[in-house]
Amino acid sequence: MVLYLGLGMLLVGCEAAEEAPPPIPLEERTPKVIVIGIDGVRPDVLAEVPTPNIDALATAGTFTARTRTTTPSVSGPSWSSMLTGVWPEKHGVTDNEFGGRHYDEWPGFLTRLEQADPELETFAVVDWVPLMQLEGGSTAIGPEVDRRELLDGYELGWAEADTRATALAVEALTQSDPDALFVYLGNPDETSHQTGSIGVEYRDAIALSDQQIGRIVTAIRQRPTYPSENWLVIVSTDHGRRADGGHGGDSPVEMTTFIVVSGPAAAVGTVDGETFIVDVAVTALAHMGIELDPAWGLDGTPVGLR
């Protein structure tokens with residue numbers, strides 16, 4: 001009886017293996033995208049920190065450590081350019097006060113996706129409040145986004161806030177069906193400011209961000225529908241920094257950032273030419289199959305797509 005049952009199970013297993021459907025061709029899978037932004041990471045320091053999850057994404061896709069950010073190299077204009085795909089001369093943000101912003105005319109990529117196809121499910125979580133909440137209305141992550149999660153890193157502590165942001169992203173990926181996501185991790189930047197250095201504490205904060213990215217990527221790959229999805233993971237930063245933890249100038253260490261583009265639709269290797277922070281939003285839109293209307297006046301170009 002034991003032999004009979006074992007043989008029966010073996011035969012069932014063989015039949016199941018034979019009947020397993022072939023992989024779905026890439027062009028028939030549903031495109032999905034997640035942009036993960038880590039605040040204030042110098043690419044040369046990133047290269048010195050153990051970051052196995054970012055390394056794995058880079059190895060499987062496209063990586064460049066020669067991306068140029070905005071002038072000035074501060075968070076307000078830099079994140080605005082990453083999210084909208086245009087330079088400060090258009091979106092109007094030139095400092096961390098966000099005065100003169102024109103997000104109504106130059107919306108973030110998640111809003112662009114909603115405008116192009118309201119059926120898409122969009123998600124964003126940030127712990128730097130101005131990206132999602134400002135006096136007087138419009139923000140880079142506008143109300144058109146289906147689910148917006150706002151945390152306060154100053155109130156919670158930045159490591160804790162990033163941990164909670166990661167958990168909310170994982171929850172969205174495992175309990176719902178988002179098509180496009182933006183996740184902001186602010187701990188490395190604030191740690192460097194607080195310590196006035198790019199030393200051990202800053203490097204530990206970058207390593208923690210890498211672990212959080214690993215949790216998010218694992219959640220993507222464990223989705224039951226993952227075989228029928230075409231995920232693009234983009235990881236980038238807004239600006240670099242000086243050795244004293246400051247930034248805002250036009251030195252190479254402040255102006256140089258990085259971009260990782262990873263997934264089945266990504267090219268494998270490095271980028272030969274120069275890349276720019278405005279390329280991030282445009283790459284996300286292009287992957288999602290959105291026709292880039294010249295009337296939008298976007299300044300970026302797609303990076304790392306096959």
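- Not a single donor-acceptor pair under 3.5 Å links the side chain of His287 to the backbone N or O of Pro31.
- When the options Thr275, Thr237, Asp279 are evaluated for a side-chain hydrogen bond (donor to acceptor under 3.5 Å, both in side chains) with Thr67, the one that passes is Thr275.
- By the 6.0 Å and 45° rule, Arg164 does not stack over the aromatic ring of Trp158.
- For the pair Arg223 (side chain) and Leu173 (backbone), a donor-acceptor distance under 3.5 Å is present.
- Of the candidates Asp39, Thr71, Thr70, Asn96, Thr70 is the only one forming a side-chain hydrogen bond (donor to acceptor under 3.5 Å, both in side chains) with Ser78.
- Thr51 pairs in a side chain to side chain contact (heavy atoms under 4.5 Å, CB included) with only one of the listed residues (Ile213, Val41, Leu46), which is Leu46.
- The two residues Ser236 and Ile259 make their nearest non-hydrogen contact at OG-CG1, 3.7 Å.
- Heavy-atom minimum distance, Asp177 versus Glu121: O-CB, 3.6 Å.
- Without hydrogens or angle criteria, Ser262 side chain to Leu57 main chain gives a donor-acceptor distance under 3.5 Å.
- Taken from OG1 in Thr256 to CG in Asp44, the straight-line distance is 8.5 Å, to the nearest 0.5 Å.
- Residues Ser81 and Pro88 form a side-chain contact, since some pair of their non-hydrogen atoms from C-beta on lies under 4.5 Å apart.
- Without hydrogens or angle criteria, Ser209 side chain to Ala205 main chain gives a donor-acceptor distance under 3.5 Å.
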Is there a side-chain hydrogen bond (donor to acceptor under 3.5 Å, both in side chains) between Ser80 and Tyr103? Walk through the geometry before answering. CA-CA 9 Å; Ser80 296; Tyr103 296 129; 2.6 Å; yes
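- Closest of all the heavy-atom pairs between Val253 and Arg242 is CG2-CA, 4.3 Å.
- In terms of heavy-atom proximity, Val183 sits nearest to Ala169 at CG2-CB, 3.8 Å.
- Here the side chain of Asn53 pairs no donor or acceptor atom with the backbone of Ala56 at under 3.5 angstrom.
- Outside the 6.0 Å centre-distance limit, the rings of Trp296 and Phe109 are not counted as a close aromatic pair.
- No side-chain N or O of Ser138 forms a donor-acceptor pair with one of Asp104 less than 3.5 Å apart.
- For Lys32 (side chain) and Pro178 (main-chain N/O), a donor-acceptor pair under 3.5 Å exists by modelled atom type.
- Looking at Arg66, its side chain does come within 3.5 Å of a backbone N or O of Val271 through a donor-acceptor pair.
- In this structure, Trp128 has its ring center at least 6.0 angstrom away from the ring center of Tyr154.
- At distances below 3.5 Å, at least one donor-acceptor pair connects side-chain atoms of Thr218 with backbone N or O atoms of Gly214.
- Using cut-offs of 30° and 60° on the angle between ring planes, the pair His247 and His239 is parallel.
- What you find for Thr69 and Thr257 is that their closest heavy atoms are CB-CG2, 4.0 Å.
- Asp299 places a side-chain N or O within 3.5 Å of a backbone atom of Trp87 that can act as its donor or acceptor partner.
- Using a 3.5 Å distance cut-off with no hydrogens or angles, the side chains of Glu114 and Thr122 do pair a donor with an acceptor.
- For the pair Glu254 (side chain) and Gly249 (backbone), a donor-acceptor distance under 3.5 Å is present.
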